[in-house]
**Q** 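Below: one structure in C-alpha cells.
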Amino acid sequence: MKAMRKLSEIESIVKAKKNYSMAVAYGQDEDTILAVKRAVEEKIVDAIIVGNEKVIREVCAKLKVDPGLFEIVNEPDEKKSGDKAVRLIIDGKAQILMKGLISTPYYLRPILNKEYNLVGKDGVLSHTAILEIPTYDKLLLVSDVAMIPYPDLNQKVQMINYNIKIAAKLGIINPKVALLTANEKVSDKMPCTMEAAIITKMADRGQIKGAIVDGPLALDVAISKHSLEIKGLKSAVEGYADILIMPNIEAGNIFYKSTTILAKGMLAAVVTGAPFPAILTSRSDDDDSKYYSIVLAAALV
C-alpha cells in the first residue's frame with residue numbers, strides 16, 4: 001500500500017469494508033450532526049445518536065437534515081448519554097464510539113469504568129491526531145494533544161506503539177518518530193529530554209519495533225531538513241517526521257490548534273488504548289474534522 005498523504009485517501013480503505021455502526025454520545029450539535037450525516041450518506045457508517053431527541057430533531061430541521069438517517073436514542077442527560085453510548089458498544093450494537101457535545105470527562109468515564117473492564121490494568125488511554133497541513137507534504141501523526149497532561153516514559157513508549165499501528169493502516173511503514181522537546185541537548189533540568197534520550201536508546205536496542213525513533217528534537221529539526229542542516233545536526237528522522245510525540249499536553253494542544261486555525265490544517269482524531277475506535281475531537285472542531293475522524297475510526301475497526 002502506498003503511504004497516504006491526505007485524509008481523503010483514507011476513505012478508499014473504508015469503502016472497501018462493510019459498514020460498521022457508530023454510537024454518538026450527546027450528538028446534538030450542528031457540526032456533529034453534519035459530520036454524521038455525511039458519513040452515513042457516504043456509506044462509511046450506520047449511526048445511533050444518543051442525546052436529547054427534541055434538540056436533535058430541532059437541529060436537524062434547522063440544517064435540513066433528515067433525522068431518519070440515524071437511529072435516535074433519547075437521553076437528555078449529558079452524563080448518562082456517554083454511558084448509554086458505551087453500553088451500545090458493550091452490547092454489540094455498535095463498533096465505534098464518537099464524542100458529540102458531551103464534555104471529555106463524561107465521555108471518557110464510562111470507557112474507564114472498572115465494572116466494564118474495557119481497559120486493562122496496565123492499559124493507557126492516549127490520543128492521536130492525524131494532521132493534513134498545507135505546508136507539509138504528508139500526513140503527520142501527533143500524540144498527545146488532548147488527554148495525558150504529562151506523559152511519563154512508559155506512556156510515551158505506548159503512545160509510539162499505538163501510532164506505529166495507526167501509521168501502518170495508512171500505508172506508512174517504518175515511520176519516523178520524533179520525540180519533541182525545546183532543544184536537542186540532554187539535560188537533567190529538562191526531564192523530557194532525558195526521557196527522549198532513553199526512549200531513543202530503547203529503540204536502538206530493539207525494545208520499540210517498526211519505527212525509526214530519535215530524540216530529543218526541537219520541532220524545527222523534526223520537520224525541516226533545512227533547519228537540521230543549518231544547525232549542523234544529524235538525526236535518523238532526517239527532518240521529515242511522520243509521528244511527533246509531544247512532551248506535554250500544553251505543547252501538543254497549542255501545536256494542533258495552531259496548525260488547524262492558523263495554517264488551515266485538517267485533522268482526524270481518535271482515542272488510543274481502548275478496545276474499539278473512540279473518536280475524540282474538540283467541540284469547536286468543524287464538521288470536516290469530525291467527518292474525517294469518523295472515516296479514520298472506521299478504518300481502524
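Just so it is clear, the model here is predicted, and its values are computed rather than measured.
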**Q** What verdict does the side-chain contact (heavy atoms from CB on, under 4.5 Å) test give for Met22 and Gln95, after you've listed the backbone C-alpha separation in whole Å, the side-chain angles of each residue and the deciding distance to 0.1 Å?
**A** CA-CA 6 Å; Met22 178 176 70; Gln95 294 77 44; over 6 Å; no
**Q** Is there a donor in the side chain of Thr128 and an acceptor in the side chain of Asn163, or the other way round, less than 3.5 Å apart?
**A**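 There is such a pair (donor and acceptor under 3.5 Å, judged by atom type) between the side chains of Thr128 and Asn163.
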**Q** Could you check whether any side-chain heavy atom of Leu280 comes within less than 4.5 Å of a side-chain heavy atom of Tyr107, counting everything from C-beta outward?
**A**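 With C-beta onward as the side chain, the pair touches.
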**Q** Tell me, do Ile148 and Ile249 make a side-chain contact under 4.5 Å, heavy atoms counted?
**A**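 They are not in side-chain contact.
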**Q** How long is the straight-line distance from CD1 of Ile172 back to CG of Leu139, given to the nearest 0.5 Å?
**A**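 Leu139 CG to Ile172 CD1: 6.0 Å, rounded to 0.5 Å.
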**Q** Tell me if a side-chain donor or acceptor on Ser143 pairs with a main-chain N or O of His127 at a distance below 3.5 Å.
**A**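 Looks like yes, one N/O pair under 3.5 Å.
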**Q** Between Glu9 and Arg5, is there a donor-acceptor pair closer than 3.5 Å when you use the side chain of the first and the backbone of the second?
**A**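 Checked: pair present.
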**Q** Report yes if some heavy atom in the side chain of Leu217 is under 4.5 Å from a heavy atom in the side chain of Leu233; otherwise report no.
**A**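 Of all side-chain heavy-atom pairs linking Leu233 with Leu217, none is under 4.5 Å.
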**Q** What heavy-atom pair brings Leu140 and Ala241 nearest, and what distance separates the two atoms?
**A** CD1-O, 3.4 Å
**Q** For Lys80, look at atom NZ and say whether over 12 heavy atoms of other residues, nucleotides or ligands are found less than 6.0 Å away.
**A** no
**Q** Between Asp220 (side chain only) and Ser227 (backbone N and O only), is there a donor and an acceptor less than 3.5 Å apart?
**A** no
**Q** Donor-acceptor pair, distance only, cut-off 3.5 Å: does the side chain of Lys17 make one with the backbone of Ala298?
**A**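 At least one qualifying donor-acceptor pair exists.
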**Q** Which donor-acceptor pairs under 3.5 Å do the side chains of residues 34-43 make with protein atoms, sequence neighbours left out?
**A**
unit_1: Lys37; atom_1: NZ; unit_2: Glu41; atom_2: OE1; d: 2.9
unit_1: Lys37; atom_1: NZ; unit_2: Glu41; atom_2: OE2; d: 3.4
unit_1: Arg38; atom_1: NH1; unit_2: Asp288; atom_2: OD1; d: 2.8
unit_1: Glu42; atom_1: OE1; unit_2: Lys15; atom_2: NZ; d: 2.8

**Q** Quick one: is the NZ or CZ of Lys138 closer than 6.0 Å to the six-membered ring centre of Tyr240, and within 45° of its axis?
**A**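 Yes.
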**Q** I'd like to know if Asp83 and Arg109 make a salt bridge, using a cut-off of under 4.0 Å between side-chain N and carboxylate O.
**A**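 Looking at Asp83 and Arg109, the cut-off is not met.
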**Q** Quick one: does Thr193's side chain have a donor or acceptor within less than 3.5 Å of a partner on Pro216's backbone?
**A**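 Absent.
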**Q** Just wondering, do Leu179 and Asp214 contact through their side chains at under 4.5 Å, heavy atoms?
**A** no
**Q** Please examine the side chains of Ile279 and Leu296, heavy atoms only from C-beta on, and report whether any two atoms are closer than 4.5 Å.
**A**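 No, every pair of side-chain atoms sits at 4.5 Å or beyond.
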**Q** So, Glu58 and Lys54, do they make that salt bridge, N to O below 4.0 Å?
**A** yes
**Q** Are the charged groups of Glu132 and Lys6 less than 4.0 angstrom apart, N to O?
**A**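 A salt bridge links Glu132 with Lys6.
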**Q** Donor-acceptor pair, Asn248 side chain versus Glu250 backbone, under 3.5 Å?
**A**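 Confirmed, Asn248 side chain pairs with Glu250 backbone.
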**Q** If we ignore hydrogens and angles and just use 3.5 Å, is the side chain of Asp242 paired with the main-chain N or O of Lys176 as donor and acceptor?
**A**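 Flag set: sc Asp242 to bb Lys176 pair under 3.5 Å.
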**Q** How close do Pro277 and Ala297 get, counting heavy atoms only, and between which atoms?
**A** CG-O, 3.4 Å
**Q** Closest approach of Ile89 and Leu97, non-hydrogen atoms and distance?
**A**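 Scanning both residues completely, I find the closest heavy atoms to be CD1-N, 3.9 Å.
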**Q** When you measure from the side chain of Glu184 to the backbone of Ala218, do you find a donor-acceptor pair of N or O atoms at a distance under 3.5 Å?
**A** yes
**Q** Minimum heavy-atom separation for Gly239 and Leu228, please, with both atom names.
**A** N-CD2, 3.9 Å
**Q** Using a 4.5 Å cut-off on heavy atoms from C-beta on, say whether the side chain of Ile130 contacts that of Ile166.
**A** yes
**Q** Write down the atom of Ala197, the atom of Val186, and the distance for their closest heavy-atom approach.
**A** CB-CG2, 3.8 Å
**Q** If you round to the nearest 0.5 Å, how far is CD of Glu75 from NZ of Lys84?
**A** 4.0 Å
**Q** Between the main-chain N or O of Gly27 and the side-chain N or O of Thr32, is there a donor-acceptor pair closer than 3.5 Å?
**A** no
**Q** So Leu300 and Phe276, do their side chains get closer than 4.5 Å, heavy atoms only?
**A** no
**Q** Any sub-3.5 Å donor-acceptor pair from Asn253's side-chain atoms to Val145's backbone N or O?
**A**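 Yes.
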**Q** Do Lys225 and Glu229 sit within salt-bridge range, that is, some charged N less than 4.0 Å from a carboxylate O?
**A** no
**Q** Would you name the heavy atoms of Phe255 and Leu131 that are closest together and state the gap between them?
**A**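 Shortest heavy-atom separation between Phe255 and Leu131 comes out as CE2-CD1, 3.7 Å.
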**Q** Do Thr104 and Met147 make a side-chain contact, defined as non-hydrogen atoms from C-beta onward lying under 4.5 Å apart?
**A** no
